[in-house]
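First the structure, in the form of structure tokens, and then the observations on it.
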Amino acid sequence: MLLNKFLRELNIVNEEDVMVVSYDEERGLLTCKVGSTIHKDLVIRRPFPITNPNFLLFINRSDNRIAFMVRDMRMLRSDVRAIVEKILNRLYFMPMITKIYSLETSGDEFVWDVETDRGRTEIRTRGRSSIVSLGGRIVIIDVNDIIYQIPDINRLDKHSR
């Protein structure tokens, strides 16, 4: 019984049941309806932004308690997902690498010339520990602790791979 109680208290909801009633773009706050329950002044957080970025917490700003959770934001209705992605893009700066032009070494640093979803840039990393493989997804952490992501290594062109 303890496990059932614990799971109920987590309040993991069906993604299709989440609707946005209102959205305060300036403050990044949502009012959502889940079933017949209205949740006001919600902020969204990713508890595992690298290993499970689609798992989301919807937190009540007034008391800092979790109102509800969703396992996979990709399963949200398209109108809700668009708003959620807009909020998350403001909170979590994680450019997606779409092409690698070159990779050179400079002492103990690697210098990457890459194209991202936010434009072409140069990033610097130190050693192999800056590169994390999560299945087909690659996460790269530069010397300034900015996280870059290659969502699917197999979708890169041959030269980039």
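Reckoned from all heavy atoms, side chains included, excluding hydrogens, waters and symmetry mates. Predicted, not measured: the structure shown is a model, and the values here were computed from it.
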Drop me the distance from [X]'s [atom1] to [Y]'s [atom2], to the nearest 0.5 angstrom.
| X | Y | atom1 | atom2 | result |
| --- | --- | --- | --- | --- |
| Arg90 | Glu85 | CZ | CD | 15.0 Å |
| Thr121 | Ile146 | OG1 | CD1 | 8.0 Å |
| Ile153 | Ile97 | CD1 | CD1 | 9.0 Å |
| Gln149 | Thr116 | CD | OG1 | 12.0 Å |
| Ser22 | Lys40 | OG | NZ | 8.5 Å |
| Met19 | Arg77 | CE | CZ | 6.0 Å |

Problem - salt bridge (charged side-chain N to carboxylate O under 4.0 Å, His left out) pairs, two or more places apart, involving residues 111-120 - result: Asp113-Arg120

Practice task
Could you note down all residue pairs passing salt bridge (charged side-chain N to carboxylate O under 4.0 Å, His left out) where residues 97-109 supplies at least one of them, sequence neighbours left out?
Solution key: Lys99-Asp157, Glu109-Arg124, Glu109-Arg126

Problem - Connected-component partners of Phe58 among ILVMFWY, side-chain separation under 4.5 Å - result: Val13, Val18, Val20, Tyr23, Leu30, Val34, Leu42, Ile44, Leu56, Phe68, Val70, Met73, Leu76, Val80, Ile83, Val84, Ile87, Leu88, Leu91, Tyr92

Does [X] reach the main-chain N or O of [Y] with its side chain, forming a donor-acceptor pair under 3.5 Å?
| X | Y | answer |
| --- | --- | --- |
| Glu15 | Arg71 | yes |
| Asn14 | Glu16 | yes |
| Asn11 | Ala67 | yes |
| His39 | Asn60 | no |

Exercise for the section: Begin with the C-alpha distance, continue with both residues' side-chain angles, and end with the deciding distance and a verdict on side-chain contact (heavy atoms from CB on, under 4.5 Å) for Glu25 and Lys86. Expected result: CA-CA 9 Å; Glu25 187 170 355; Lys86 189 173 189 177; 2.9 Å; yes

Do [X] and [Y] land in one hydrophobic cluster if side-chain heavy atoms of ILVMFWY residues count as linked below 4.5 Å?
| X | Y | answer |
| --- | --- | --- |
| Phe110 | Ile150 | yes |
| Val132 | Met94 | yes |
| Phe48 | Ile59 | yes |
| Ile140 | Leu134 | no |
| Ile138 | Tyr148 | yes |

Would a 4.5 Å heavy-atom cut-off, applied to side chains only, mark [X] and [Y] as touching?
| X | Y | result |
| --- | --- | --- |
| Asp41 | Ser62 | no |
| Phe55 | Arg46 | no |
| Ile50 | Ile147 | yes |
| Asp152 | Arg137 | no |

Exercise for the section: Give the C-alpha distance, both sets of side-chain angles, the deciding distance and a yes or no for side-chain contact (heavy atoms from CB on, under 4.5 Å) between Ile100 and Trp112. Expected result: CA-CA 7 Å; Ile100 301 171; Trp112 305 64; 4.0 Å; yes

Practice task
Report, as yes or no, whether the 6.0 Å neighbourhood of atom CE on Met96 holds more than 12 heavy atoms from other residues, nucleotides or ligands.
Solution key: yes

Practice task
Taking atom types as modelled, find out whether Thr125 and Ser130 have a side-chain donor-acceptor pair closer than 3.5 angstrom.
Solution key: no

Practice task
Given side-chain contact (heavy atoms from CB on, under 4.5 Å), test Val111 with Leu103 step by step and report yes or no.
Solution key: CA-CA 6 Å; Val111 181; Leu103 176 59; over 6 Å; no

